[in-house]
> 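So that we are looking at the same thing, I have put the structure below in structure tokens.
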Amino acid sequence: MMMTERGMAAPAIAGSVLAEFDTILAAVVPELAGRVQAVAFDAEIGRLDVVPDLPAAGAQLRWRAPKLVAAANERVRGANVRTRYVLAPAPA
């Protein structure tokens, strides 16, 4: 309650989404576990930014976006993830 009163709910949720991302990814797309990293979550617009290690991993992640978004919202209460944005590949 104290966090909500002070306007800190969104950052706490953003941290939870980022902290739980590996678990969420492993549940939805186990073959990409360890190959994709969540780097940012904007709770105001519901955008999750992720970075794959290879372009093929990014393409596979784009195909599975609806399942990933649904799993994130199910796992992190109040997250309200609406979309994910796949950034340019970067080696892990």
> Specify the closest pair of heavy atoms between Pro52 and Gly58, including all atoms of both residues, with the distance to one decimal.
CB-N, 3.6 Å
> Could you tell me whether the side chain of Leu61 reaches within less than 4.5 Å of the side chain of Leu25, counting heavy atoms only?
yes
> Scan the side chains in residues 83-90 for donor-acceptor partners under 3.5 Å anywhere in the protein, sequence neighbours excluded, and list what turns up.
none

> According to salt bridge (charged side-chain N to carboxylate O under 4.0 Å, His left out), does anything in residues 18-31 pair up with another residue at least two apart or in another chain? List the pairs.
Glu20-Arg75, Glu31-Arg64
> Can you tell me how far the CG atom of Leu68 sits from the CG atom of Leu32, to the nearest 0.5 Å?
9.5 Å
> Please name the pair of heavy atoms, one in Ala79 and one in Phe41, separated by the smallest distance, quoted to 0.1 Å.
O-CZ, 3.4 Å
> So does Gly46 get a backbone contact from the side chain of Asn80, meaning a donor-acceptor N/O pair under 3.5 Å?
no
> Tell me whether Arg35 is salt-bridged to Asp53, with the criterion being a basic N under 4.0 Å from an acidic carboxylate O.
yes
> Say you draw a straight line from CD of Gln37 to CG of Leu18; how long is it, rounded to the nearest 0.5 Å?
9.5 Å
> Suppose we screen for salt bridge (charged side-chain N to carboxylate O under 4.0 Å, His left out). Which residues come up paired with Arg62, at least two apart in sequence or across chains?
none
> Is there a path from Val28 to Val17 through hydrophobic residues (I, L, V, M, F, W, Y) whose side chains come within less than 4.5 Å of each other?
yes
> Between Ala38 and Val50, what is the shortest heavy-atom contact and its length?
CA-CG1, 4.1 Å
